[in-house]
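Values reported hereafter were calculated over all heavy atoms of this structure, with side chains retained and with hydrogens, waters and symmetry mates removed.
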Amino acid sequence: MNEYHVDCKTTFLKNNSKLYWQFNCDKIWLTLETPHGRKVTINEVPVDLYGYTYRLGFHLIKEYDKSILFRSGCPANGPCSYTLIDKNTGKTIDDFGQLICIDTEIEGNKKYQFDFLVYFSENYDKLKIYYVNSKKILTIPFSTKRNNLNAVTSEYQFTNMKVQGNILTLYYTRSDNKNSNLKINLKNKKYSLYK
């Protein structure tokens, strides 16, 4: 099992916690071990689905100051789920649907490099930029209908994002195959506290 579908290497986090997969005949599980030796199971996959652990189980995306972001629940061609976990306790902070440009290689860097997450509001009429460390959100009016994004998973129509100075630029391909972009001033003071 561990040769192809489960990375059995231990990941060491900046706060000296450890992440590692384990398995037995019944299940595969991801453990967060705190610096004090406390072990918390933060994800499980049934052993009969071991071949899909990379898509179904937690896959580490990024470590933040106090939390870690995981991708999971990815069907073969559909959106994934994302979970933010407190890296000191192993408790879930929040769950997200498909994030924008989370798995896009940006300027040769395959790891997600930003201190924020970008995603659509529930009604797909706003973009939200969530700063993970401060728990603040910048909300930007952006309708998928008005901007001609009508794919089954509109998040996949975004192809890249860049930050230059205080400006975040999101590049996307409209449903009529025209390329477009949205520029957002990240110094906008219209933040709200998360949730």
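Here CG of Asn16 is found 9.5 Å from NE2 of His36. Values are rounded to the nearest 0.5 Å. Taking NZ of Lys87 as the reference point, atom CG of Leu69 lies at 12.5 Å (rounded to 0.5 Å). Taking CG from Asn133 and CG from Asp65, the interatomic distance works out to 3.5 Å, rounded to the nearest 0.5 Å. The OG1 atom of Thr11 sits 9.0 Å away from the CD1 atom of Ile68 when rounded to the nearest 0.5 Å. To the nearest 0.5 Å, atoms CG (Asn181) and CG (Leu170) are separated by 8.5 Å. We find the NZ-CD1 distance between Lys91 and Ile93 to be 11.0 Å, quoted to the nearest 0.5 Å.
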Practice problem: Test Leu127 against Thr139 for side chain to side chain contact (heavy atoms under 4.5 Å, CB included), laying out the working first. | Solution: CA-CA 6 Å; Leu127 280 173; Thr139 303; over 6 Å; no
Exercise. Give the C-alpha distance, both sets of side-chain angles, the deciding distance and a yes or no for side chain to side chain contact (heavy atoms under 4.5 Å, CB included) between Phe70 and Asn43.
Key: CA-CA 10 Å; Phe70 293 94; Asn43 186 239; over 6 Å; no
Practice problem: Quick one: do Asp86 and Ser67 satisfy side-chain hydrogen bond (donor to acceptor under 3.5 Å, both in side chains)? Show the steps, please. | Solution: CA-CA 4 Å; Asp86 183 307; Ser67 59; over 6 Å; no
Quiz item: Would Leu19 and Thr31 satisfy side chain to side chain contact (heavy atoms under 4.5 Å, CB included), going step by step from the backbone distance to the final call?
Solution: CA-CA 6 Å; Leu19 282 172; Thr31 299; over 6 Å; no
Quiz prompt | Stepwise side chain to side chain contact (heavy atoms under 4.5 Å, CB included) check, Ile28 with Trp21 | solution = CA-CA 7 Å; Ile28 302 166; Trp21 283 99; 3.5 Å; yes
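The hydrophobic cluster containing Val118 also contains Leu186, counting ILVMFWY residues as joined when their side-chain heavy atoms lie under 4.5 angstrom apart, directly or transitively. The hydrophobic cluster containing Ile140 also contains Val163, counting ILVMFWY residues as joined when their side-chain heavy atoms lie under 4.5 angstrom apart, directly or transitively. Under a hydrophobic clustering in which Ile, Leu, Val, Met, Phe, Trp and Tyr are joined whenever their side-chain heavy atoms come within less than 4.5 Å, directly or via other members, Phe142 and Tyr156 fall into different clusters. Val45 and Phe23 end up in the same hydrophobic cluster when Ile, Leu, Val, Met, Phe, Trp and Tyr side chains are linked at under 4.5 Å. When the side chains of ILVMFWY residues are joined at heavy-atom separations under 4.5 Å, either directly or via intervening members, Leu117 and Phe114 end up in a single hydrophobic cluster.
For the 3.5 Å distance criterion, the side chains of Asn15 and Asn88 qualify, holding a donor opposite an acceptor. Side-chain polar atoms of Asp95 and Thr83 form a donor-acceptor pair below 3.5 angstrom. Residues Ser175 and Asn150 have side chains that bring a donor and an acceptor to within less than 3.5 angstrom of each other. Donor-acceptor pairing under 3.5 Å is recorded for the side chains of Ser121 and Asp125. Donor-acceptor pairing under 3.5 Å is lacking for the side chains of Tyr119 and Gln98. Side-chain contact annotation: Glu44 with Trp29, donor-acceptor N/O pair under 3.5 Å absent.
Looking at every heavy atom in both residues, Gly90 comes nearest to Ile42 through O-CG2, 3.6 Å. Closest approach of Lys162 to Asn160, counting heavy atoms only: CE-ND2, 3.8 Å. For the pair Lys183 and Ile167, the tightest heavy-atom approach, listed with the atom from each and the gap, is CB-CG2, 4.0 Å. Across every non-hydrogen atom of Tyr172 and Leu182, the tightest pair is CE2-N, 4.1 Å. Closest heavy-atom contact between Asn24 and Asp26: OD1-N, 2.8 Å. Ser17 approaches Leu32 most closely through the heavy-atom pair CB-CD1, 3.9 Å.
Formation of a donor-acceptor pair under 3.5 Å by the Ser143 side chain with backbone atoms of Lys145 is found in this model. Asn147 places no side-chain N or O within 3.5 Å of a backbone atom of Leu149 that could act as its donor or acceptor partner. Judged purely by atom type and a 3.5 angstrom limit, Lys66 has no side-chain atom pairing as donor or acceptor with the backbone of Val132. Looking only at distances, a side-chain donor or acceptor of Gln157 sits under 3.5 Å from a matching main-chain atom of Thr173.
Aromatic ring pairs are classed by plane angle as parallel below 30°, tilted from 30° to 60° and perpendicular above 60°; the pair Tyr130 and Phe96 is tilted. Note on ring orientation: taking the six-membered ring where Trp is involved, the planes of His59 and Tyr54 are perpendicular (angle over 60°, cut-offs 30° and 60°).
By the 6.0 Å and 45° rule, Arg71 does not stack over the aromatic ring of Tyr112. Relative to the ring axis of Tyr64, Lys62 places its NZ or CZ within 45° and under 6.0 Å from the centre.
Using a 4.5 Å heavy-atom threshold, the side chains of Thr92 and Leu84 count as separate. At a threshold of 4.5 Å between non-hydrogen side-chain atoms, the residues Lys128 and Leu138 do not count as touching. Within the 4.5 Å cutoff, side-chain heavy atoms of Lys187 are placed close to those of Asn166. Residues Ile102 and Ile61 form a side-chain contact, since some pair of their non-hydrogen atoms from C-beta on lies under 4.5 Å apart.
By the 4.0 Å N-to-carboxylate-O rule, Glu63 lies too far from Lys14 to be salt-bridged with it.
Aromatic rings from Tyr131 and Phe116 are positioned such that their centres are separated by under 6.0 Å.
In terms of the side-chain contact (heavy atoms from CB on, under 4.5 Å) criterion, residue partners of Leu56 (sequence neighbours excluded) are, by chain and number, Leu49, Tyr52. Tyr124 is linked by a ring pair (Phe, Tyr, Trp, His ring centres under 6.0 Å) to Phe120, counting only residues two or more places apart in sequence or in another chain. With sequence neighbours left out, Asp176 forms a side-chain contact (heavy atoms from CB on, under 4.5 Å) with Asn148, Arg174, Lys178.
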